[in-house]
Amino acid sequence: MVGDFFVWAHRGASAEAPENTLAAFRAAETTGADGIELDLRLSRDGIPMVVHDETVERVTDGRGAVAAMTRAELQALDAGGWFAPEYAGERIPTLAEVFEWAGDRALLNLEIKIAAVADAVLALLPSFPGVRVLLSSFDHRQLIDLRRRDPSLQVAFLIDTPFWRRPLARAAACGAVGLHPRADRVGRLLVNTCRRKGLAVHPHVGPR
């Protein structure tokens, strides 16, 4: 931490290495990030894969929907050459591979986009008892349901709306640890209200 600030590496150190790859996560650890944010989608065979977009075109040399491809097909793609030649051959990692790399060293912020991903994460966690995770999502109902199913889970509510009072109240009521608003929505009243409710405020910037 830098003073009172907690620094999340968005999709890893994505300015230094190809986003959502082990190279980006290693770079984030090296540069001293407090935690690593990453995105999850399911492959056709139900494996949680670390990739942001619904399709692979932007960050690989392939084409098609993540959900239409198996783990093997996804990991056969080059997920690094688009960023710089020295990263050619970097793969889309599975969540299990990230857990194996992270151990108990790094706090991982897993952004949950669909319910099936959340189920896959819950199924995987018992195999990695030392891993430290925070689950975040714009789908607040899903986070509330996850907390009901497992009260030990740490969750944070993502928001990009200027109408933050209701999500803040729901986050506090379900036992969330934080509120992650879009940076341009953050003001003194929001921060002070979160402090009174015991919620950390971690603004996010850039595309989600």
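Bear in mind the structure is a predicted one, so any value in this text is a computation, not a measurement.
- By the criterion of side-chain heavy atoms lying less than 4.5 angstrom apart, applied directly or through intervening Ile, Leu, Val, Met, Phe, Trp or Tyr residues, Ile144 is grouped together with Leu199 in one hydrophobic cluster.
- His140 NE2 to Leu168 CG: the interatomic distance, rounded to the nearest 0.5 Å, is 10.5 Å.
- Residues Trp164 and Phe138 fall into different hydrophobic clusters, defined by Ile, Leu, Val, Met, Phe, Trp and Tyr side chains chained together at heavy-atom separations under 4.5 Å.
- At a cut-off of 3.5 Å, with distance as the only test, no side-chain donor of Ser137 or Asp139 sits close to an acceptor on the other residue.
- Remark: of the listed residues Leu40, Ile47, Val133, Leu40 is the sole one forming a side-chain contact (heavy atoms from CB on, under 4.5 Å) with Leu95.
- Looking at residues two or more places apart in sequence or on another chain, you find a salt bridge (Lys or Arg N to Asp or Glu O under 4.0 Å) between Asp184 and Arg182.
- The closest side-chain donor-acceptor pair between Asp53 and Thr55, if any, does not fall under 3.5 angstrom.
- Side chain of Glu29 to main chain of Arg26: no donor-acceptor pair is present (N/O by atom type, distance under 3.5 Å, no hydrogens or angles).
- Contact check for Asp34 versus Leu107: no side-chain heavy atoms found under the 4.5 Å cut-off.
- For His180 and Phe157, the ring centers are positioned 6.0 Å apart or more.
- Inter-residue side-chain proximity for Val59 and Glu19 is flagged as met; some heavy-atom pair is nearer than 4.5 Å.
- Val98 and Leu74 are not part of a single hydrophobic cluster, where members link through side-chain heavy atoms under 4.5 Å apart.
- Between Arg141 and Asp145 there is no salt bridge, since no side-chain N of the basic residue sits under 4.0 Å from a carboxylate O of the acidic one.
- The shortest non-hydrogen separation linking Ala79 to Pro18 is O-CB, 3.5 Å.
- When atom types are taken as modelled, the side chain of Arg147 and the backbone of Cys174 share a donor-acceptor pair closer than 3.5 angstrom.
- In this structure, Arg11 fails the cation-pi test against Trp8, since its NZ or CZ atom is not both closer than 6.0 Å to the six-membered ring centre and inside 45 degrees of the ring normal.
- By the 4.5 Å heavy-atom criterion applied to side chains, Ile112 and Gln142 are counted as neighbours.
- The environment of Arg63 atom CZ is sparse: at most 12 non-hydrogen atoms of other residues, nucleotides or ligands sit within 6.0 angstrom.
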Test side-chain contact (heavy atoms from CB on, under 4.5 Å) on Leu108 and Phe25 and set out the steps.
CA-CA 10 Å; Leu108 303 176; Phe25 303 152; over 6 Å; no
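- Residue pairs meeting the side-chain hydrogen bond (donor to acceptor under 3.5 Å, both in side chains) criterion with at least one partner in residues 122-133, sequence neighbours excluded, do not occur; the list is empty.
- With contacts defined as side-chain heavy-atom distances shorter than 4.5 Å, the pair Thr161/Arg185 does not qualify.
- Side-chain contact check for Thr21 versus Phe83: every heavy-atom pair is 4.5 Å or farther apart.
- Hydrophobic clustering places Val155 together with Leu125 (ILVMFWY residues linked when any side-chain heavy atoms are closer than 4.5 Å, directly or through intermediates).
- Atom CD of Glu111 is separated from atom CG of Asn20 by 9.5 Å, given to the nearest 0.5 angstrom.
- Judged by distance alone, the side chain of Thr60 and the main-chain N or O of Glu57 form no donor-acceptor pair under 3.5 Å.
- Of all non-hydrogen atoms in Ala13 and Ala27, the two that sit nearest each other are CB-CB, 3.7 Å.
- Under the 4.0 Å criterion applied to side-chain N and carboxylate O atoms, Arg71 and Glu73 are not assigned as salt-bridge partners.
- Annotation for Glu54: atom CD does not count as buried by contact number, only 12 or fewer foreign heavy atoms lying within 6.0 Å.
- Here the side chains of Met49 and Leu42 are not in contact, with every heavy-atom distance at 4.5 Å or above.
- Closest non-hydrogen pair, Arg41 versus Val51, comes out as CG-O, 3.7 Å.
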Passes side-chain contact (heavy atoms from CB on, under 4.5 Å), Leu146 versus Leu122? Steps please.
CA-CA 9 Å; Leu146 286 169; Leu122 292 187; 3.6 Å; yes
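- Nearest heavy atom pair, residue Ala156 against residue Leu134, reads N-CD1, 3.9 Å.
- Under a cut-off of 6.0 angstrom, the local environment of CZ in Arg188 is sparse, with at most 12 non-hydrogen atoms contributed by other residues, nucleotides or ligands.
- Between Val201 and Cys194, the closest heavy-atom pair is CG2-CB, 3.4 Å.
- Hydrophobic clustering (ILVMFWY, side-chain heavy atoms < 4.5 Å, transitive): Leu158 and Val191 are in distinct clusters.
- Remark: the Thr70 side chain and the Asp45 side chain contain no N/O donor-acceptor pair separated by less than 3.5 Å.
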Let's go through Leu135 and Asn109 carefully: what are the C-alpha distance in whole Å and the side-chain angles of both, what is the deciding distance for side-chain contact (heavy atoms from CB on, under 4.5 Å) to 0.1 Å, and is it a yes or a no?
CA-CA 6 Å; Leu135 305 183; Asn109 177 355; over 6 Å; no
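- The shortest distance between side-chain heavy atoms of Arg149 and Asp119 falls below 4.5 Å.
- Between Ala96 and Phe128, the shortest heavy-atom contact is O-CZ, 3.8 Å.
- Taking the side chain as every heavy atom from C-beta outward, Met69 and Val56 approach each other to under 4.5 Å.
- Looking at Arg91, its side chain never comes within 3.5 Å of a backbone N or O of Gln75 through a donor-acceptor pair.
- Between the side chain of Asp78 and the backbone N or O of Gly89, at least one donor-acceptor pair lies under 3.5 Å.
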